[in-house]
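In the text below, chain A, chain B and the rest are named by the order of the sequence lines, each starting its count at 1.
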There are 2 protein chains.
Amino acid sequence: MTAKTVLIVDDEASIREMIAVALEMADYRVLEADNAQTAHAMVVDDQPDLLLLDWMMPGTSGIELARRLKRDTATAELPIILLTAKSEEDNKIQGLEAGADDYITKPFSPRELVARLKAVLRRATPTGVEDTVEIDGLRLDPVSHRVSANGEALDVGPTEYRLLQFFMTHQERAYTRSQLLDQVWGGNVYVEERTVDVHIRRLRKALGDDHQHLIQTVRGTGYRFSTKE
Amino acid sequence: MTAKTVLIVDDEASIREMIAVALEMADYRVLEADNAQTAHAMVVDDQPDLLLLDWMMPGTSGIELARRLKRDTATAELPIILLTAKSEEDNKIQGLEAGADDYITKPFSPRELVARLKAVLRRATPTGVEDTVEIDGLRLDPVSHRVSANGEALDVGPTEYRLLQFFMTHQERAYTRSQLLDQVWGGNVYVEERTVDVHIRRLRKALGDDHQHLIQTVRGTGYRFSTKE
DNA sequence: CGCGATTGTCACGAAGCTGTCACATTAGCG
DNA sequence: CGCTAATGTGACAGCTTCGTGACAATCGCG
């Protein structure tokens, strides 16, 4: 999973700092801006995944920025959480009307912040619907997160599961170790290429004698999933 | 009674907006999607109580989505109201055949929409009584709010009860801790994910040796309720 | 207010998973 | 047939995830 980027907009550096530390501990990438003008530019340039926006700021207020961003189709999808100093219920309504996805009143615990932020991001990025794949009696069901061979459950580790899922949805095509690392491990990990071999072996072992022929070695290149030959 | 959640699916933001405002005034929770793909994912993840579906959309059409949802047992119960631009009677027939519960032609007044929607929901949840579920000798009765195993009463705390109820009505599907927090604890609470683990353990303990195998750990992902294996 | 039940969090240990290495085996080639 | 590069395989240390008991805070109720 790639780290999400959060843009913090607040005119008080100390507050930004506090939030930034909390977010970095929770493995988010953090950007900062101290006014609406800069913030707008950064939203466009850096495309953060979420905006933490202070309500009260000199010049263009936070809510004004929120409204502007929601109006522009290019940025309308960006989830926004508004921060505000006091529990002013009136503002809350205005804030939500402006298109904010959540609303946190200061003071708040870093933990609460992170939790709310997770919730908003979770809702913003709906997980795609994946269909069950069945090939040659081998079945992978993403909904129940299970693998079975001719009805019998197979014990497959997390990485082997992802590897198999990738293969089953990309049959009949040879992949290099490097491509597999990109697709299955995720782009920016650094792992030895030979590691792929080890997981291929673990997967073959898990598949058992009946199905390991599906994972084929393409000498000098990599591996392929295929029912043929 | 908790607010009902309505998922609006339409590719035009202005229409969604109009409907959303009307529904929020009538105290419904509103979710939105602008294409069938996202909508499908949200139905699965967020489990809305009703689907407001536009007939014409780019890509997979609304009616196609309706058909798919009605075919899948997990989502077959979800009431669907189809929206359509003109009073095309042919479509109406097709729509009802696809499993839609009602059918509204644009333009419509917000009041009409809310009224129809209420009617459909009323029909869908008969007197608000949920059925008792019994699986593998384990029985959960929402009326008496009790759990029993092979006739013998089990001592289950409130949270464990809700957790079990959710699981028993959503078998064979792996859920992340995050999803469980959304579904069982409610969307906007902030709780540590590991808390789920603790309640899972309490539930397992309460179920006793005979039934705790029903709650399965999906390593690296979350948990699943299943009778198999 | 006082009491038991419930809840969320933590710390710790167990269990499982991961990446890497060293060495065995194999395929391909002249 | 012998050589070399590529791949298979078993072992293992380090790390992550999960289960579990304890505990303090809070809730519900008399």
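- With the nearest nucleotide of DNA chain C identified for both A/Val191 and A/Asp155, A/Asp155 has the one nearer the 5' end.
- Using a 4.0 Å heavy-atom cutoff across all strands shown, B/Val196 reaches no nucleic acid atom at all.
- Between A/Phe167 and A/Phe225, the two ring planes are parallel [angle under 30°; tilted spans 30° to 60°].
- Contact annotation: B/Arg204 side-chain N/O to D/dG19 OP1/OP2 distance is under 4.0 Å.
- For the pair B/Gln212 CD and D/dG19 P, the interatomic distance rounds to 11 Å; values are reported in whole Å.
- The distance from atom CZ of B/Arg201 to atom C1' of C/dT7 is 13 Å, rounded to the nearest whole Å.
- No hydrogens or angles considered: nothing links the side chains of A/His170 and A/Gln183 as a donor-acceptor pair under 3.5 Å.
- Atom CD in A/Glu193 sits about 15 Å away from atom C1' in D/dA5, given to the nearest Å.
- In this structure, CG of A/Asp197 is placed 18 Å from P of C/dC23, rounded to the nearest angstrom.
- Straight-line distance from the CG atom of B/Leu203 to the P atom of D/dT20: 13 Å, rounded to whole Å.
- In this structure, B/Thr195 reaches the bases: a heavy-atom distance under 4.0 Å links it to at least one base atom across the strands shown.
- Between A/Arg219 atom CZ and D/dA5 atom P there is a gap of 12 Å when expressed in whole angstrom units.
- For B/Trp185, a side-chain nitrogen or oxygen approaches OP1 or OP2 of C/dG8 to under 4.0 Å.
- Between B/Gln216 atom CD and D/dG19 atom P there is a gap of 12 Å when expressed in whole angstrom units.
- In this model, no side-chain donor or acceptor of B/Arg202 finds a partner on the base of D/dG21 within 3.5 Å.
- Ring-plane geometry between B/His199 and B/Trp185 is classed as perpendicular, the angle between the planes exceeding 60 degrees on a 0 to 90 degree scale with a lower cut at 30.
- Note on A/Tyr223: only backbone sugar-phosphate atoms sit closer than 4.0 angstrom, heavy atoms only; bases stay farther off.
- Side chains of A/Tyr190 and A/Glu192: a donor on one and an acceptor on the other come within 3.5 Å.
- Nearest to the side chain of B/Arg194, among C/dG19, D/dG19, C/dT20, sits D/dG19.
- D/dG19 atom P lies 14 Å from atom CG of B/Leu207, rounded to whole Å.
- Between C/dT7 and B/Thr159, a contact under 4.0 Å exists linking OP1 or OP2 to a side-chain N or O.
- Checking the phosphate oxygens (OP1, OP2) of D/dG19, a side-chain nitrogen or oxygen of B/Thr217 falls inside 4.0 Å.
- Side chains of B/Gln171 and B/Ser226: no donor on one and acceptor on the other come within 3.5 Å.
- Summary of the strand contacts: A/Val218 and A/Val198 both lie near DNA chain D, and taking for each the nucleotide with the nearest heavy atom, the more 5' one is attributed to A/Val218.
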